[in-house]
Amino acid sequence: MPELPEVEVTRRRIGPLLVGRRIERVLTTRPSYFFLTPPARLRAGLAGREVRDLARRGKYLVAELDDAARLVLHLGMTGQLFSARATSPRLISAGARSALHPEEQLRFEPDAHTHLRLVFADGGPEVFFRDVRKFGKVLLLRRGQSHPRIDRLGIDALELSGEALFAASRGRRAAVKALLLDQAVATGVGNIYADEALFRARIRPTRRAGSLARRDCDALAEAVRAVLLRSIETGGSSIRDYVAPDGADGAFQDERRVYARGGEACLVCGGRIRRVLVAQRGTHYCPRCQR
DNA sequence: ATCTGTCCCTGGACGC
DNA sequence: TGCGTCCAGGGACAGA
């Protein structure tokens with residue numbers, strides 16, 4: 001599931017395929033939950049526009065257009081933003097893949113889950129946004145227009161400080177993991193990196209946020225930044241659906257210490273990793289290392 | 001203001 | 001082999 005590192009890796013690699021190119025036309029699927037801006041308005045608003053810049057805000061990508069409108073994308077759980085030249089079995093659902101000859105199983109063809117298809121005036125490679133579960137979002141903001149989803153976001157998780165975390169945690173009786181997942185506190189951390197950061201900081205995810213000492217917050221903020229940076233370096237986590245825009249897998253899943261390792265041995269103490277629910281999310285920790 | 005539970009969606013894993 | 005059931009979860013929202 002794309003969190004800050006996956007979105008940042010996507011930004012870096014899809015940037016060259018967007019910035020400086022003029023969109024000629026846009027193909028979409030039917031109106032759905034996925035489109036915060038209705039598809040017809042999206043198609044009309046994007047046709048003829050040139051992309052000037054591609055930025056990231058937490059887990060959102062923000063493409064600046066030549067008319068000062070902004071195209072905002074969120075990859076949700078299963079979103080994939082990629083080049084027409086990308087090849088990866090992750091871009092094809094298993095059912096469809098099984099019907100293909102082996103040599104065709106890497107080649108992507110737009111399917112019912114390909115909600116956005118950008119065709120460029122230069123005739124070069126198209127860009128696709130595919131999202132099987134439609135938890136992703138597409139939003140076109142006119143010049144100067146804002147949106148509560150964006151306005152609500154806290155500071156970027158790469159800039160999270162112990163001081164800020166400590167301040168945000170005061171009076172909070174909910175679990176510290178819920179605090180990390182709260183995008184109004186810091187934006188970009190999701191389920192994988194919350195668990196990984198808490199493990200590295202040796203803090204139990206279920207602990208009440210308000211009980212953290214300042215030094216705990218310093219350690220946790222440091223762990224959040226470190227784990228995100230390390231994941232960006234390795235190309236993100238390809239656990240289920242995530243692929244980079246060129247179809248490449250990330251490698252951070254091989255450096256996970258707790259996420260989706262319930263029942264397995266802790267890499268530090270050998271104890272058994274436990275899986276519980278916190279804030280309705282699967283949560284993984286080592287009962288011995290994280291007190 | 002904060003917190004919890006529910007909902008959106010669909011493929012894949014698993015059990016019989 | 002094939003069907004049914006459950007699970008994954010980002011984030012908005014309603015209600016406590």
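Sequence lines set the chain letters: A, B, ... in the order given, protein chains first and strands last, and positions in each chain run from 1.
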Residue A:Met77, side-chain atoms from C-beta onward, closest of C:dC7, C:dG10, C:dG11
C:dG10
Going 5' to 3' through nucleotides 6-16 of chain B, assign each nucleotide B (protein heavy atom under 4.0 Å from a base atom), S (under 4.0 Å only from sugar-phosphate atoms) or - (no protein heavy atom that close).
B-BBBSS----
Protein-nucleotide distance (A:His74, atom NE2; C:dG11, atom P), rounded to Å
4 Å
Angle, rounded to 10°, between the helical axes spanning five pairs at each terminus of the helix from B:dT2-C:dA16 to B:dC16-C:dG2?
40°
Distance check needed: B:dT4 P versus A:Arg172 CZ, whole Å only.
11 Å
Within this structure, what is the CZ-to-C1' distance between A:Arg173 and B:dA1, rounded to whole angstrom?
13 Å
Using whole Å, what does the distance between atom P of nucleotide C:dA12 and atom OH of A:Tyr60 come to?
5 Å
For the residue pair A:Lys177 / A:Thr283, report whether a side-chain donor-acceptor contact shorter than 3.5 Å exists.
yes
A:Tyr193 and A:Ser231: side-chain donor and acceptor closer than 3.5 Å?
yes
Counting any heavy atom closer than 4.0 Å, what does A:Gly136 reach on the DNA or RNA strands: base, sugar-phosphate only, or nothing?
nothing
C:dG10 P sits how many Å from A:Leu36 CG, rounded?
17 Å
So, using salt bridge (charged side-chain N to carboxylate O under 4.0 Å, His left out) as the criterion, who are the partners of A:Arg256 when residues are at least two apart?
none
Have A:Arg130 and A:Gln80 got a donor and an acceptor in their side chains that come within less than 3.5 Å?
yes
Pairing donors with acceptors under 3.5 angstrom, does anything connect the side chains of A:Thr234 and A:Arg230?
no
Pick base, sugar-phosphate or nothing for A:Tyr193, based on heavy-atom distances below 4.0 Å to the nucleic acid.
nothing
Hey, mind stepping through A:Arg43 and A:Thr28 against side-chain hydrogen bond (donor to acceptor under 3.5 Å, both in side chains) and telling me if it holds?
CA-CA 8 Å; A:Arg43 291 193 298 264; A:Thr28 70; 2.8 Å; yes
In whole angstroms, how far is the C1' atom of C:dA12 from the CZ atom of A:Phe35?
19 Å
Evaluate the ring planes of A:Phe128 and A:Phe82, with Trp represented by its six-membered ring, and classify them as parallel (under 30°), tilted (30 to 60°) or perpendicular (over 60°).
tilted
C:dC13 P sits how many Å from A:Gln183 CD, rounded?
15 Å
I'd like to check A:Arg107 versus A:Thr87 (side-chain heavy atoms, cut-off strictly below 4.5 Å). Are they in contact?
no
Should A:Lys59 be listed as having a side-chain N or O under 4.0 Å from OP1 or OP2 of C:dG11?
yes
From CD1 of A:Ile239 across to C1' of C:dA8 the rounded distance in Å is 11 Å
On DNA chain C, does the nearest nucleotide to A:Arg152 precede the nearest nucleotide to A:Tyr259 from the 5' side, or the other way round? Give the residue.
A:Tyr259
I want to check something: taking the side chain as every heavy atom from C-beta on, are A:Asp218 and A:Arg214 in contact at a cut-off of under 4.5 Å?
yes
